[in-house]
Structures are given as C-alpha cells and as structure tokens.
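Encoded as structure tokens, the structure appears first; notes follow it.
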Amino acid sequence: MVSILKRLVILKTLLLFSFAHLMAQSFYDVTRIDEKIQLDGLVNEHIWSTITPLPLTMYTPVFQGELTEKSEIRVAYDDRFIYTSAVFYDSNPKGIQGNSLVRDVDKGGDFFNILLDTYNDNENFVTTTPTGNRVDAEITNDAEGDFRALFNQDWNAYWDTKVIVHDWGWTAESRIPFSSLKFENEMGEVTFGFIAHRLIGRKNERQIFPAIPPNWEMGEWKPSQAQKIRFTGIHQRKPLYVM
C-alpha cells in the first residue's frame, strides 16, 4: 500500500512538472502599442494601465512562497522598441538599496532584470537599479558553470532606462531598440525567450516570471527555461553609430 501511494505521489509530481514546463513553452503575445511612451520612469501613460502585469512567483527564499511586496511588471512594443515598466511597492522604502552609479558595476541591492534570448546564442540581459544604473551582459552555456565565466560584460547594447524612487517604492521604464538585438523573422513573427525578475536586496526575495523551479544553481538566469514571447510586424534594423 505504501509503495503504491509513493508511486502515485511521484507520478503526480512528474505530471505537475510536465504541465509547468509546457506552460512555460507556450507563447505569450506581447502587447503592440501605438501610444508614445514618455521615458521618464513615472509609468503614468494610460496604455500601461491597459496591459495586464506579468504573473510573478517567489523564487527565493521560498519557491512559490507568498510575495511580501507587490510588484507590477509590464511589457509592450512598437515598430522600433521593446518597452518594459516596473511598479515596485515597498513597505519600507528606506530599505531600498541602490549601491552603484557605474555602468556594469553590480554591488548588490535591489534590481529589476530582464533576460532576452533572441537568437539562440545571443542570451543577453539588461538590469536597472533604484539609482538608474544600467548593467548589461551576455550569458553563456545556459548559466551552467563558473559564475564569473558565464557573464560577458563587454557586451554593451544601446538602450535607455529611467528610474524614480518614491516614498512608497520605486518605478522604472526601459526602452530597448530592436536594432540592438539579433533575431529571426519567420512568416512575420519573431519569438524571444524572456525572463523578468525583481530582487529585493535586504530580503533576498526574488520575484520571477515565468515560474522557473529552483532546480539549478542559477535557474533564474537560464535561457533554456525562459518564457516564449511573440512579436508581429517587426524587422531587423541595422543601426548607424556616430562616434
């Protein structure tokens, strides 16, 4: 009897994991917008209120635990840019940690991160902090191996972000040009892998989308576990840089 119950528990666990994996691989259609986004960090454009925030899951310290702070992350795009907005409430705003103003220097604390797996081997992420700092890098080997060797911070893309700290939390808006990314257009559709997460530094609380299980040392950075997001009507652009 015990053996049968044990097998049923194992079977249930495998079915739940398979269902979660299939959900993670299903497409999430990003909202296409016509309204102009004023990149000021306020997240007060009407269009943001029409977009449903991403469903976030606690990653650490307890996977699928109850989130202690409310977070709203939204994604949109137009012909030229991917836009993200973040509204991060904090019950102790004096505890918000922003520890660097230097690009690509991460000294810990709070952050808002998105990962874009746009072209198989281009596994890039961009991060901003409450100080408006920009950190961007490439991830190699699906985030497996030595931590220091996995992140190539020589990759610096053209993108913008604005951040504002309030007396109730902090907000951020980011704008990434499609011209800064490599991707394939298949039958008018473009698909990226996508991960978004918030870190509340003082609590080591990571809130993540999609609900990646903590089965790896750095699962929150693994492109292979990313949510598939879909765009239509965008095209590869070749930027002109003036030095």
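Residue numbers start at 1 and run along the sequence shown. Please read these numbers as outputs of a predicted model, since none were measured by experiment.
- Here the two rings, on Phe192 and Phe231, have centers that are under 6.0 Å apart.
- In this structure, Arg206 forms no cation-pi arrangement with Tyr59, as its terminal cationic atom is not both closer than 6.0 Å to the ring centre and no more than 45° off the ring axis.
- Annotation: Phe88 is in aromatic contact with Phe112 [ring centroid separation under 6.0 Å].
- No single ILVMFWY cluster, assembled from side-chain heavy atoms under 4.5 Å apart, contains both Val126 and Ile37.
- Under a cutoff of 6.0 Å and an axis angle of 45°, Arg175 and Phe81 form a cation-pi pair.
- In this structure, the separation between CD on Glu69 and CG on Leu67 is 9.5 Å, given to the nearest 0.5 Å.
- The pair Lys222-Glu220 does not count as a salt bridge, with every side-chain nitrogen at least 4.0 angstrom from each carboxylate oxygen.
- Side chain of Asn141 to main chain of Ala143: no donor-acceptor pair is present (N/O by atom type, distance under 3.5 Å, no hydrogens or angles).
- For the pair Ile96 and Pro130, the tightest heavy-atom approach, listed with the atom from each and the gap, is CG2-CG, 3.5 Å.
- By the rule that hydrophobic residues join a cluster once side-chain heavy atoms approach within less than 4.5 Å of another member, Tyr83 and Phe209 end up as members of separate clusters.
- The 12-atom threshold is not exceeded at CZ of Arg80, counting heavy atoms of other residues, nucleotides or ligands nearer than 6.0 Å.
- Rounding to the nearest 0.5 angstrom, the gap separating the CD1 atom in Ile73 from the CD1 atom in Ile114 is 9.5 Å.
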Just do the side-chain hydrogen bond (donor to acceptor under 3.5 Å, both in side chains) check on Trp48 and Glu173 with the steps written out, would you? CA-CA 11 Å; Trp48 286 128; Glu173 290 178 314; 3.0 Å; yes
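- The aromatic ring centroids of Phe111 and His197 lie less than 6.0 Å from each other.
- Under the 4.0 Å criterion applied to side-chain N and carboxylate O atoms, Arg198 and Glu205 are not assigned as salt-bridge partners.
- Salt bridge status for Asp29 with Arg230: present, with a side-chain N to carboxylate O gap under 4.0 Å.
- Annotation: side chain of Asp142 is not in contact with side chain of Trp216 (no heavy-atom distance under 4.5 Å).
- In the hydrophobic clustering of this structure, Tyr77 does not group with Leu39; members are Ile, Leu, Val, Met, Phe, Trp, Tyr whose side-chain heavy atoms approach within less than 4.5 Å, directly or through other members.
- Under the 4.5 Å side-chain contact rule for hydrophobic residues, Ile33 and Val43 share a cluster.
- When all heavy atoms of Pro93 and Gly169 are compared, the pair lying nearest together is CB-N, 4.3 Å.
- Side-chain contact between Ile234 and Phe183 is present, with at least one heavy-atom pair separated by less than 4.5 Å.
- In this structure, Val135 and Trp159 approach most closely via the heavy-atom pair O-CZ2, 3.9 Å.
- Annotation for Asp146: atom CG counts as buried by contact number, over 12 foreign heavy atoms lying within 6.0 Å.
- Side-chain contact between Trp221 and Phe125 is present, with heavy atoms from C-beta onward closer than 4.5 Å.
- Using a 4.5 Å heavy-atom cutoff, the side chains of Asp136 and Asn124 are not in contact.
- A 6.0 Å sphere centred on CD of Glu35 holds more than 12 heavy atoms belonging to other residues, nucleotides or ligands.
- Of the N and O atoms on the side chains of Gln207 and Ser71, at least one donor lies less than 3.5 Å from an acceptor on the other residue.
- Rounding to the nearest 0.5 angstrom, the gap separating the OG1 atom in Thr128 from the CG atom in Asp110 is 11.5 Å.
- To the nearest 0.5 Å, atoms CD1 (Ile139) and CG (Asp117) are separated by 9.0 Å.
- Under the 4.5 Å side-chain contact rule for hydrophobic residues, Val30 and Leu54 share a cluster.
- The two residues Thr161 and Gly132 make their nearest non-hydrogen contact at CG2-O, 3.9 Å.
- For the residue pair Thr57 and Ala211, the shortest heavy atom distance occurs at OG1-CB, 3.4 Å.
- A distance of 6.0 Å or more separates the ring centres of Tyr89 and Trp170.
- Atoms OG1 and CG, from Thr129 and Leu199 in turn, are 11.5 Å apart once rounded to the nearest 0.5 Å.
- At distances below 3.5 Å, at least one donor-acceptor pair connects side-chain atoms of Thr60 with backbone N or O atoms of Asn204.
- Side-chain contact check for Leu116 versus Ile176: some heavy-atom pair is nearer than 4.5 Å.
- The two atoms that bring Arg74 and Ile51 nearest to each other are NE-O, 2.7 Å, heavy atoms only.
- Interatomic distance, Thr191 OG1 to Glu184 CD, rounded to the nearest 0.5 Å: 10.0 Å.
- In summary, Lys203 and Asp90 do not engage in a salt bridge, as defined by a charged side-chain N under 4.0 Å from a carboxylate O.
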